[in-house]
Amino acid sequence: MFVAFEGGDGAGKSTQVRLLADRLRTVGQRVLTTREPGGTPVGERLRDLVLEPGDAVVDPRTEALIFAAARAAHVEQVIRPALTAGRAVVTDRYVDSSVAYQGAGRGLGIADVEAINAWATGALHPDLTVLLDVEPEAGRDRRADRAAEDRMEAESDDFHRLIRLTFLQRAAADPVRYLVLDATLPVATIARRVAERVLTLADGPLPALSEAGTAAAPVAEERADVILVPESVAEHR
Ligand code: TYD
């Protein structure tokens with residue numbers, strides 16, 4: 001099982017990655033937690049290069065390729081081997097971050113950024129992406145140390161609004177593969193909802209799911225926090 005957490009800066013992803021891993025371990029799963037950019041020695045160096053470049057100029061295309069390069073290493077050296085060994089993998093950020101930040105935020109285009117990432121990852125997709133949705137202002141307030149902002153965090157609220165919208169649009173288009181949760185909910189509530197959904201994934205679909213037979217569009221309050229799965233998808237699992 002491969003689960004990715006996505007969301008704006010300050011959404012609380014790293015806490016939820018840890019809590020999900022703890023929960024999965026309690027049901028006997030072997031779990032690997034990791035993060036992007038990073039997760040490998042070369043990825044950590046690329047992370048420093050792209051987020052704290054010093055005097056180096058990082059233009060948008062270079063930025064997109066650095067993130068994709070770090071991800072290629074991550075998939076090849078860490079994620080695929082772990083999945084092959086039967087471990088659950090939980091990552092803090094994955095392809096959707098590039099689509100949102102570089103594709104939308106930097107204006108490189110969603111399709112192009114998807115394409116380079118499909119190549120970089122050998123088209124490895126998460127089974128579930130959890131989007132912790134946060135308004136840019138709230139995310140900024142939740143970040144502890146504004147003086148330590150990286151290049152992305154230092155971008156304008158408009159930039160971060162576009163990122164948020166892009167994440168939400170992707171999730172709304174595919175409620176089966178996404179779970180959207182309000183990042184301002186209590187930590188324990190988020191953790192419980194994530195665990196419920198992920199454990200459903202691990203056990204296969206609940207009987208009620210295939211009976212329903214239709215995928216529900218995200219609803220206003222719970223958004224994509226829906227567990228209705230079309231029969232075709234249920235069979236696929
Ligand atoms: P992260 O370490 O998750 O920051 P935070 O913990 O503050 O959320 O990610 C670092 C930054 O890199 C974050 O602002 C998002 C950005 N980023 C991209 O722009 N593209 C990418 O592909 C990834 C993985 C991250």
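The shown structure was predicted, so the numbers you read here are calculated from the model rather than taken from an experiment. Start at 1 and go down the list; that is how both ligands and their atoms are numbered.
- For Asp182 and Thr184, the side-chain atoms include at least one donor-acceptor pair closer than 3.5 Å.
- A heavy-atom distance below 4.5 Å is not found between the side chains of Val31 and Arg87.
- The protein heavy atom nearest to atom 16 (C) of ligand 1 is Met152 CG, 3.6 Å.
- Here is the list of ligand 1 atoms found below 4.0 Å of a heavy atom in Ser97: 20 (N), 21 (C), 22 (O), 23 (C), 24 (C).
- Those atoms of ligand 1 with a heavy atom of Gln102 less than 4.0 angstrom away are 18 (C), 19 (O), 20 (N), 21 (C), 22 (O).
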Go through it in stages, so that I can follow the logic: the residues are Arg164 and Val134, the test is side-chain contact (heavy atoms from CB on, under 4.5 Å), and I'd like the CA-CA distance, side-chain angles, deciding distance and then a yes or no.
CA-CA 7 Å; Arg164 178 184 181 216; Val134 64; over 6 Å; no
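- With ligand atoms numbered from 1 in the order given, ligand 1 contributes 14 (O), 15 (C), 18 (C), 19 (O) to contacts under 4.0 Å with heavy atoms of Tyr101.
- The contact set between ligand 1 and Lys13, taken as ligand atoms under 4.0 Å from a residue heavy atom, comprises 8 (O).
- The protein non-hydrogen atom at the shortest distance from atom 3 (O) of ligand 1 is Arg93 NE, 2.6 Å.
- At least one N/O-N/O distance between Glu153 and ligand 1 falls below 3.5 Å.
- Looking at Leu108 and Glu63, their side chains never come closer than 4.5 Å, going by heavy atoms from C-beta outward.
- In this structure, the ring of Phe67 has its center no less than 6.0 angstrom from the ring center of Tyr101.
- Classification of Glu76 and Arg71 as a salt-bridged pair fails, no side-chain N sitting under 4.0 Å from a carboxylate O.
- Closest to atom 22 (O) of ligand 1 among all protein heavy atoms lies Ser98 OG, 2.5 Å.
- For ligand 1, the atoms lying closer than 4.0 Å to a non-hydrogen atom of Pro37 are 24 (C), 25 (C).
- Contact analysis leaves Arg35 out of contact with ligand 1, as no non-hydrogen atom separation drops below 4.0 angstrom.
- Counting heavy atoms from C-beta on, the side chains of Leu199 and Arg23 come closer than 4.5 Å.
- Within ligand 1, the atoms closer than 4.0 Å to a non-hydrogen atom of Asp9 are 4 (O), 5 (P), 7 (O), 8 (O), 13 (C), 14 (O), numbered from 1 in the order shown.
- The proximity of Leu51 to ligand 1, defined as any non-hydrogen pair under 4.0 Å, is limited to the side chain.
- Side-chain contact, Asp96 with Tyr178: a donor N or O sits under 3.5 Å from an acceptor N or O.
- Between the side chains of Thr91 and Glu36, no donor N or O sits under 3.5 Å from an acceptor N or O.
- Ranking protein heavy atoms by distance to atom 2 (O) of ligand 1, first place goes to Arg47 NH2, 2.6 Å.
- At least one N or O atom of Arg71, backbone or side chain, sits closer than 3.5 Å to an N or O atom of ligand 1.
- Under a 3.5 Å cut-off, the side chain of Arg47 and the backbone N or O of Pro37 do form a donor-acceptor pair.
- Looking only at heavy atoms of the protein, atom 18 (C) of ligand 1 is closest to Phe67 CZ, 3.2 Å.
- Annotation: Glu63 places no N or O atom under 3.5 Å from an N or O atom of ligand 1; distance criterion only.
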